[in-house]
*Asks:* 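So that we are looking at the same thing, I have put the structure below in structure tokens.
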Amino acid sequence: MRLVKDKRDLVNSIVARAHHHEQEGAFSDALNDWEILRTIYSQYPGLKFEVERLQKRREQQTRSEAKTKLVEQIDACLHSGDYSRALGLLEHSTAEFPNDAELAPLEKLANDGLQRATEAHRLMTEGQGLCA
């Protein structure tokens with residue numbers, strides 16, 4: 001009887017730890033907890049569902065982090081005036097994030113900046129020609 005109680009307490013503590021990790025956003029740690037539970041007590045109700053759900057959340061988190069990093073890189077390019085690089089990053093991002101509402105305005109800013117830079121260069125060249 002004590003062995004059953006100890007096993008139940010162990011299972012409950014693993015489930016609680018998995019939920020805690022999930023609340024903290026540590027989806028990989030939560031998945032590890034569920035995998036430990038699978039090893040100890042594979043008949044746990046809803047185990048497969050929990051693992052699949054957390055795998056999806058981890059993938060979403062990874063995707064969100066990748067997009068955030070990309071937007072930061074594009075912003076840095078725009079602020080430094082490297083519009084060509086910004087457009088290159090945006091072009092590369094369309095495959096990974098098609099029709100993304102956050103990236104479209106950045107692309108417009110990059111295109112506008114590139115047009116302004118091209119026009120400024122043209123005017124400067126024309127002015128230098130007139131001065132000579």
Side-chain angles (χ1 to χ4, degrees):
M1 185 70 162
R2 175 153 196 225
L3 185 62
V4 171
K5 182 184 179 303
D6 289 346
K7 187 171 184 178
R8 184 194 69 214
D9 291 345
L10 177 63
V11 166
N12 288 338
S13 71
I14 293 170
V15 170
R17 190 174 64 196
H19 287 140
H20 174 74
H21 282 136
E22 182 179 358
Q23 289 172 348
E24 297 292 316
F27 301 120
S28 293
D29 292 338
L31 275 169
N32 289 338
D33 291 335
W34 288 112
E35 291 302 328
I36 289 169
L37 185 61
R38 184 189 317 263
T39 303
I40 295 170
Y41 184 59
S42 62
Q43 306 94 326
Y44 184 82
L47 179 63
K48 182 179 176 185
F49 170 79
E50 290 291 341
V51 169
E52 289 172 357
R53 185 180 61 77
L54 277 171
Q55 286 172 336
K56 287 178 186 173
R57 287 200 65 192
R58 182 178 63 184
E59 289 169 10
Q60 288 173 340
Q61 180 185 44
T62 301
R63 186 169 164 76
S64 176
E65 288 170 355
K67 182 180 163 203
T68 298
K69 183 178 177 183
L70 176 66
V71 167
E72 288 171 355
Q73 289 176 329
I74 294 167
D75 278 341
C77 290
L78 292 174
H79 289 307
S80 69
D82 192 354
Y83 303 111
S84 296
R85 174 140 169 73
L87 285 170
L89 289 169
L90 284 158
E91 185 178 316
H92 178 269
S93 70
T94 56
E96 191 173 349
F97 306 103
N99 303 320
D100 189 278
E102 188 177 5
L103 296 177
L106 293 175
E107 186 172 7
K108 181 173 179 0
L109 286 173
N111 280 320
D112 291 348
L114 187 59
Q115 286 176 349
R116 283 192 313 274
T118 302
E119 180 66 14
H121 185 276
R122 186 188 67 77
L123 290 172
M124 187 177 81
T125 304
E126 185 179 311
Q128 287 174 341
L130 291 173
C131 286

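Keep in mind it's a predicted model, so treat the numbers as computed, not measured.
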*Asks:* Measure across L103 and S93 and return the closest heavy-atom pair with its distance rounded to 0.1 Å.
*Replies:*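 Between these two residues, the closest heavy atoms are CD1-OG, 3.5 Å.
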*Asks:* Does the T94 side chain pair with the main chain of E91, one donor and one acceptor, at a distance under 3.5 Å?
*Replies:*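 Checked: pair present.
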*Asks:* Ignoring hydrogens and geometry, is there a side-chain-to-backbone donor-acceptor pair from Q61 to F27 under 3.5 Å?
*Replies:*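 No, Q61 side chain to F27 backbone: no donor-acceptor pair under 3.5 Å.
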*Asks:* Hey, does D33 have a side-chain heavy atom less than 4.5 Å from the side chain of L37?
*Replies:*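 SC-SC contact between L37 and D33 ruled out.
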*Asks:* Drop me the distance from R57's CZ to L31's CG, to the nearest 0.5 angstrom.
*Replies:*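 With rounding to 0.5 Å, CZ (R57) is 11.0 Å from CG (L31).
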*Asks:* Do L89 and R85 have side chains that approach each other closer than 4.5 Å (heavy atoms only, starting at C-beta)?
*Replies:*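 Touching, per the 4.5 Å side-chain cut-off.
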*Asks:* In terms of ring plane angle, is the pair W34 and Y44 parallel, tilted or perpendicular, where the classes change at 30° and 60°?
*Replies:*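 Correct class here is tilted.
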*Asks:* Identify the heavy atoms of S42 and L47 that sit nearest to each other, and give their distance.
*Replies:*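 What the structure gives for the nearest pair is O-CD2, 3.9 Å.
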*Asks:* Donor-acceptor pair, distance only, cut-off 3.5 Å: does the side chain of T125 make one with the backbone of H121?
*Replies:*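 Pair found, side chain donor or acceptor close to backbone of H121.
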*Asks:* Do side-chain atoms of H21 reach the backbone of R17 as a donor and acceptor pair under 3.5 angstrom?
*Replies:*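 Looks like yes, one N/O pair under 3.5 Å.
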*Asks:* To the nearest 0.5 Å, how far apart are CD in E72 and CG in L70?
*Replies:*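 Answer for the CD-CG pair, E72 versus L70, is 9.5 Å.
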*Asks:* Hey, are K67 and E96 close enough for a salt bridge, meaning a charged N less than 4.0 Å from a carboxylate O?
*Replies:*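 Salt bridge flag = no for E96 with K67.
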*Asks:* Would you call E22 and R53 a side-chain contact if the rule is heavy atoms closer than 4.5 Å?
*Replies:*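 Answer yes - side chains close enough.
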*Asks:* Does L114 reach the side chain of S84, with side-chain heavy atoms less than 4.5 Å apart?
*Replies:*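 They are in side-chain contact.
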*Asks:* Look up atom OH in Y83 and atom OG1 in T118, then write down how far apart they are to the nearest 0.5 Å.
*Replies:*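 Going from the OH atom of Y83 to the OG1 atom of T118 covers 10.5 Å.
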*Asks:* Which pair of non-hydrogen atoms, one from A101 and one from P105, has the smallest distance, and what is that distance?
*Replies:*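 Shortest heavy-atom separation between A101 and P105 comes out as O-CD, 3.1 Å.
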*Asks:* State the CE-SG distance between M124 and C131, to the nearest 0.5 angstrom.
*Replies:*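 The SG atom of C131 is 11.5 Å from CE of M124, to the nearest 0.5 Å.
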*Asks:* With rounding to the nearest 0.5 angstrom, report the CG to CG distance, L106 to L87.
*Replies:*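 With rounding to 0.5 Å, CG (L106) is 10.5 Å from CG (L87).
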*Asks:* Could you pull out the closest heavy-atom pair between A30 and A18, with the gap in Å?
*Replies:*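 Looking at all heavy atoms of both residues, the closest pair is CB-O, 3.5 Å.
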*Asks:* Say you draw a straight line from SG of C77 to CG of L90; how long is it, rounded to the nearest 0.5 Å?
*Replies:*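 CG of L90 is found 9.0 Å from SG of C77.
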*Asks:* Please check this pair: side chain of H19 against backbone of V15, looking for a donor-acceptor N/O pair closer than 3.5 Å.
*Replies:*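 Yes.
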*Asks:* Salt bridge between R116 and E119, side-chain N to carboxylate O under 4.0 Å?
*Replies:*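 A salt bridge is absent here (no side-chain N lies under 4.0 Å from a carboxylate O).
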*Asks:* Does a side-chain heavy-atom distance below 4.5 Å link D29 with N32?
*Replies:*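 Yes, their side chains come closer than 4.5 Å.
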*Asks:* Less than 4.5 Å apart, any side-chain heavy atom of Y41 and any of K7?
*Replies:*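 They are in contact (side-chain heavy atoms under 4.5 Å apart), so the answer is yes.
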*Asks:* Does the distance from a Lys or Arg side-chain N to an Asp or Glu carboxylate O, for E59 and K56, drop under 4.0 Å?
*Replies:*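 K56 and E59: not salt-bridged.
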*Asks:* Got more than 12 heavy atoms from elsewhere within 6.0 Å of CG, N12?
*Replies:*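 Buried by this count: over 12 neighbours within 6.0 Å.
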